[in-house]
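Notes for the one structure printed next.
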Amino acid sequence: MKKIILWGFYAICLVCSGTAMAQDGKDRKGDMRREQMMEKRAERLADELELKGDARSEFLVTYKNYQQDLMSHRKTPPFPADLGGKKESELTEEEAAERIKTEFDRKAQQIVDAYNTLEVNVVLNDL
């Protein structure tokens, strides 16, 4: 009976250590894997749209830039990290309102920048 319990314990340790090692590999290769997935997705979309030649290469570049912009916006923290040494729950009403206003202004600027980029791309494509 002791041997069965001991072998069961060894098996559980082996499985858990294998799972822990597999999780370490994900963190190191995450960025490379994300880039590869983005390129494969762009290729698949270009194939579905049946793009050829210059249109295909232009689409791949545009799509990659779009995805990188999208990821950079997702990685930005929702609020500026500087709280002046205070916890978020310790902010006064005025400080909290100022942070919210600052965040709205930042988001509005991101929208304007994205719109201007899109507008420039559309104008250049029309030429």
Side-chain angles (χ1 to χ4, degrees):
M1 185 66 171
K2 287 183 180 181
K3 285 186 177 182
I4 293 173
I5 293 173
L6 189 60
W7 279 106
F9 179 73
Y10 286 142
I12 290 172
C13 289
L14 181 65
V15 169
C16 292
S17 66
T19 303
M21 285 187 278
Q23 289 177 353
D24 288 340
K26 288 180 185 177
D27 293 337
R28 292 183 205 140
K29 298 179 183 176
D31 290 337
M32 185 186 314
R33 189 174 306 151
R34 189 175 297 123
E35 291 286 328
Q36 291 172 345
M37 287 175 42
M38 184 175 25
E39 290 173 8
K40 287 181 182 180
R41 187 179 312 129
E43 292 285 339
R44 189 185 73 238
L45 287 172
D47 289 340
E48 288 177 10
L49 295 171
E50 299 176 0
L51 297 174
K52 306 279 189 239
D54 290 338
R56 182 183 183 89
S57 61
E58 185 178 332
F59 172 78
L60 294 175
V61 169
T62 304
Y63 186 80
K64 185 176 180 181
N65 291 338
Y66 162 74
Q67 287 294 325
Q68 288 173 343
D69 286 345
L70 188 63
M71 282 191 291
S72 70
H73 289 297
R74 287 182 179 166
K75 289 180 182 177
T76 57
F79 287 105
D82 183 28
L83 296 176
K86 293 183 178 181
K87 293 182 180 177
E88 200 167 296
S89 60
E90 295 174 346
L91 295 176
T92 65
E93 289 291 323
E94 294 80 21
E95 291 170 332
E98 182 62 32
R99 287 193 71 210
I100 292 171
K101 183 183 179 310
T102 303
E103 176 62 13
F104 281 141
D105 291 342
R106 187 178 69 82
K107 289 289 186 182
Q109 187 61 46
Q110 285 179 350
I111 292 170
V112 168
D113 292 344
Y115 179 78
N116 289 338
T117 302
L118 178 64
E119 190 174 280
V120 167
N121 287 339
V122 170
V123 169
L124 290 177
N125 290 335
D126 289 341
L127 296 176

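- Under the 4.0 Å criterion applied to side-chain N and carboxylate O atoms, Glu103 and Arg106 are assigned as salt-bridge partners.
- Interatomic distance, CE of Met37 versus NZ of Lys40, reported as 9.0 Å (0.5 Å rounding).
- Qualifying salt bridge (Lys or Arg N to Asp or Glu O under 4.0 Å) partners for Lys101, counting only residues two or more places apart in sequence or in other chains: Asp105.
- Of the inter-residue distances, the one linking Glu43 atom CD with Phe59 atom CZ reads 9.5 Å to the nearest 0.5 angstrom.
- Legend: residues meeting salt bridge (Lys or Arg N to Asp or Glu O under 4.0 Å) with Glu98, ordered by chain and number and at least two apart, are absent.
- Around atom CD of Glu50, no more than 12 heavy atoms belonging to other residues, nucleotides or ligands sit under 6.0 Å away.
- For Arg41, there are no salt bridge (Lys or Arg N to Asp or Glu O under 4.0 Å) partners, not counting sequence neighbours.
- Distance check: Glu95 CD to Ile100 CD1 gives 12.0 Å after rounding to the nearest 0.5 Å.
- Hydrophobic clustering (side-chain heavy atoms under 4.5 Å, transitive across Ile, Leu, Val, Met, Phe, Trp, Tyr) keeps Tyr63 apart from Val61.
- Counting only heavy atoms from C-beta outward, the side chains of Gln68 and Glu35 approach each other to under 4.5 Å.
- Across every non-hydrogen atom of Ala46 and Leu60, the tightest pair is CB-CD2, 4.3 Å.
- Rounding to the nearest 0.5 angstrom, the gap separating the CZ atom in Arg44 from the CG atom in Asp47 is 9.5 Å.
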